[in-house]
Amino acid sequence: MQTEISVLSNGLRIVSLKYPQFETVSLGIWVNTGAAYEQEKMNGISHFLEHMVFKGTASRSAAAISEDIENVGGQSNAYTSREFTAFYAKMLKDDLELAVDVLCELIMSPQFAEAELVKEREVVVQEIKQTYDDPSDIVFDYMQAEAFAGQAMGRPILGTADLVRGFGAEDLRAYMETNYAAENMVFCAVGNVDHQRLVKLVEARLSGLRSKTSFVADRQHYTGGYFAEKRDTEQAQVILGFDGFSYADERYYAAMLMSTVLGGGMSSRLFQEVREKRGLVYSVYSFPTFYTGAGFVGIAAATDNEQINKMLPVMIGEIKKMASSSVSETELNRAKAQVKSAILMSLESSSAVSEKLSRQLLLFNRSIPIEETITKIEEVGVEDIRAVAEKIFASKPTYALVGSIKDHYDYDKICRLLKA
């Protein structure tokens with residue numbers, strides 16, 4: 001299987017990967033924009049736009065958009081993150097042109113009718129309230145806000161209710177003018193698809209896209225900090241975060257493997273020590289997050305409010321061990337096997353592959369061969385793991401907590417424990 005890439009005259013990249021044995025194709029438009037590229041007064045507009053383009057185009061009503069896809073058994077959806085927005089579908093191979101037509105219309109001719117704006121503002125406000133009501137969800141927004149304080153990267157993807165209720169059609173059009181341009185977008189299809197036919201279909205519909213974006217992105221830099229919210233809950237949600245690396249950093253794979261050893265599965269150090277040996281949590285795991293200009297490593301746990309002060313010293317003890325001593329070859333090999341198998345298993349999903357290819361084109365302007373990825377994973381040694389752990393866990397921590405916080409360890413004590 002060979003990835004094929006074409007570039008239109010306006011700079012739009014079209015990428016495809018053919019699986020001739022499939023009866024389906026996964027396709028979509030990925031845009032290198034999101035909450036991290038919003039002005040403060042426009043926080044949440046990327047996500048609101050993702051909703052509104054489905055509420056009617058020049059030739060399709062909101063109902064027709066979903067009906068045209070679902071009448072032939074297809075599926076469509078979208079998502080917004082801090083750096084990416086995606087509009088995608090999965091269809092039978094014979095319905096490729098229909099899917100291309102619908103997806104391109106979402107970008108080229110959304111109508112933003114006032115009646116739909118009024119309704120969808122309140123839909124998104126309900127989504128914001130739902131996120132806030134879930135401590136296991138909102139704690140990640142609190143962590144992000146402290147880890148990247150004062151930056152667009154630290155603001156919530158959904159925005160705030162007050163801001164969303166103020167967005168109008170002109171705001172949406174202005175945002176598309178500055179952030180939606182061919183150089184900032186990729187059209188990708190994976191499955192039973194002919195590349196040349198795909199290029200012709202997309203070119204006929206997206207050749208009119210402006211070439212250049214005109215927004216200025218904030219510089220991203222980790223800051224660290226503390227936020228605790230008292231709630232009458234049965235469990236406390238806790239996240240400890242530390243400075244990490246960007247997508248392009250040469251330590252990307254070492255950081256990923258270090259996080260896997262620390263808290264990447266049931267055999268990980270955190271799971272074995274905090275849950276299996278001591279029974280202090282139900283859930284504990286480590287997660288690396290990478291962005292274009294920064295990143296962080298987080299450790300999340302859910303535990304009884306009474307157990308927080310017992311759990312944190314154990315968690316911090318495992319963090320300090322990662323930074324002060326080498327992992328074993330057995331641990332490293334297990335982590336490599338976990339990461340490689342996750343990557344290889346994802347290749348069996350055309351939707352996952354289409355997302356991976358699109359992000360690679362947006363981030364690196366090339367498709368990265370799987371052999372190159374596996375080689376880089378294999379090249380990581382035990383000393384690389386220790387070195388990234390030492391650097392990451394020497395940084396100022398971020399501590400976010402939602403729960404009954406009476407008598408819990410405060411930020412200063414967390415910092416002292418990490419330095420002890």
Can [X] and [Y] be counted as an ion pair, charged N to O under 4.0 angstrom?
X: R82; Y: D141; result: yes
X: E379; Y: K376; result: no
X: R251; Y: D384; result: no
X: K340; Y: E378; result: yes

A side-chain contact here means heavy atoms from C-beta on lying under 4.5 Å apart; do [X] and [Y] qualify?
X: V297; Y: V388; answer: no
X: I29; Y: L106; answer: no
X: F148; Y: D218; answer: no
X: E4; Y: I14; answer: no
X: R165; Y: V125; answer: yes
X: I377; Y: T373; answer: yes
X: F245; Y: I392; answer: yes
X: P110; Y: M52; answer: no

For F364 and Y247, take the angle between the two ring planes, folded into 0 to 90°, and tell me which bin it lands in: parallel under 30, tilted 30 to 60, perpendicular over 60. perpendicular
Positive for side-chain contact (heavy atoms from CB on, under 4.5 Å) with M315, one of L280, T303, L240: L240
Among I5, L12, V15, find the residue that satisfies the side-chain contact (heavy atoms from CB on, under 4.5 Å) test when tested with V186. V15
Whether the side chain of [X] engages the backbone of [Y] through a donor-acceptor N/O pair (distance < 3.5 Å, no angle test) should be reported.
X: R205; Y: L201; value: yes
X: N333; Y: T330; value: no
X: N43; Y: E38; value: no
X: K336; Y: V380; value: yes
X: E50; Y: T80; value: yes
X: D137; Y: Q130; value: no
X: Q144; Y: M153; value: yes

For F140 and I239, run side chain to side chain contact (heavy atoms under 4.5 Å, CB included): C-alpha distance rounded to whole Å, both residues' side-chain angles, the deciding distance at 0.1 Å, then the answer. CA-CA 8 Å; F140 285 89; I239 300 181; 3.5 Å; yes
Qualifying salt bridge (charged side-chain N to carboxylate O under 4.0 Å, His left out) pairs, either residue in [range], two or more places apart:
range: residues 282-311; value: none
range: residues 177-188; value: E177-R210, E183-K212
range: residues 311-323; value: E318-K321

Review item, side-chain donor-acceptor pairs of residues 252-262, under 3.5 Å, at least two apart:
{"unit_1": "S259", "atom_1": "OG", "unit_2": "S286", "atom_2": "OG", "d": "2.7"}
{"unit_1": "T260", "atom_1": "OG1", "unit_2": "M256", "atom_2": "O", "d": "2.9"}

Sequence neighbours excluded, which residues qualify as side chain to side chain donor-acceptor pair (under 3.5 Å) partners of [X]?
X: Q220; value: E83
X: E146; value: none
X: R275; value: none
X: D243; value: none

Pair up each side-chain donor or acceptor in residues 410-420 with any protein partner under 3.5 Å, not counting sequence neighbours, and list the distances.
{"unit_1": "D410", "atom_1": "OD1", "unit_2": "D412", "atom_2": "N", "d": "3.3"}
{"unit_1": "D410", "atom_1": "OD1", "unit_2": "K413", "atom_2": "N", "d": "2.9"}
{"unit_1": "Y411", "atom_1": "OH", "unit_2": "P397", "atom_2": "O", "d": "2.6"}

Going by side-chain contact (heavy atoms from CB on, under 4.5 Å), name the residues that satisfy it together with S214, two or more places apart in sequence or in a different chain. T178
Ring pair (Phe, Tyr, Trp, His ring centres under 6.0 Å) partners of H408, counting only residues at least two apart: none
Looking at NZ of K356 and OG of S349, how far apart are the two atoms once the value is rounded to the nearest 0.5 Å? 11.5 Å
L361 vs W30, side chain to side chain contact (heavy atoms under 4.5 Å, CB included): CA-CA, chis, key distance, verdict: CA-CA 10 Å; L361 265 291; W30 275 261; over 6 Å; no
Please find the pair of heavy atoms, one from [X] and one from [Y], that lie closest to each other, and give the distance.
X: L163; Y: E40; result: CD1-O, 3.9 Å
X: A181; Y: M185; result: O-CG, 3.1 Å
X: Q151; Y: R219; result: OE1-O, 3.4 Å
X: M311; Y: A301; result: SD-CB, 3.6 Å
X: S246; Y: F290; result: O-CD2, 3.9 Å
X: I157; Y: H47; result: O-CB, 3.6 Å

May I ask you to check whether T398 and Y222 show a side-chain donor-acceptor distance below 3.5 Å? yes
Consider only side-chain N and O atoms of S404 and N305, and report whether a donor and an acceptor are under 3.5 Å apart. no
Cation-pi between R359 and F84: NZ/CZ under 6.0 Å from ring centre and within 45° of the ring axis? yes
Would a line drawn from the ring center of Y175 to the ring center of F48 be shorter than 6.0 Å? no
Flag yes if more than 12 heavy atoms outside Y282 fall under 6.0 Å of its OH atom; otherwise flag no. no
If you draw a 6.0 Å radius around CD in Q39, do more than 12 non-hydrogen atoms from other residues or ligands fall strictly inside? no
Please report, to 0.1 Å, the donor-acceptor pairs under 3.5 Å made by any side chain of residues 65-74, with sequence neighbours excluded.
{"unit_1": "S66", "atom_1": "OG", "unit_2": "A63", "atom_2": "O", "d": "3.0"}
{"unit_1": "D68", "atom_1": "OD2", "unit_2": "R60", "atom_2": "NE", "d": "2.7"}
{"unit_1": "N71", "atom_1": "ND2", "unit_2": "E67", "atom_2": "O", "d": "3.1"}

Carefully, step by step, assess M108 and L209 under the rule side chain to side chain contact (heavy atoms under 4.5 Å, CB included). CA-CA 8 Å; M108 297 302 291; L209 267 175; 3.8 Å; yes
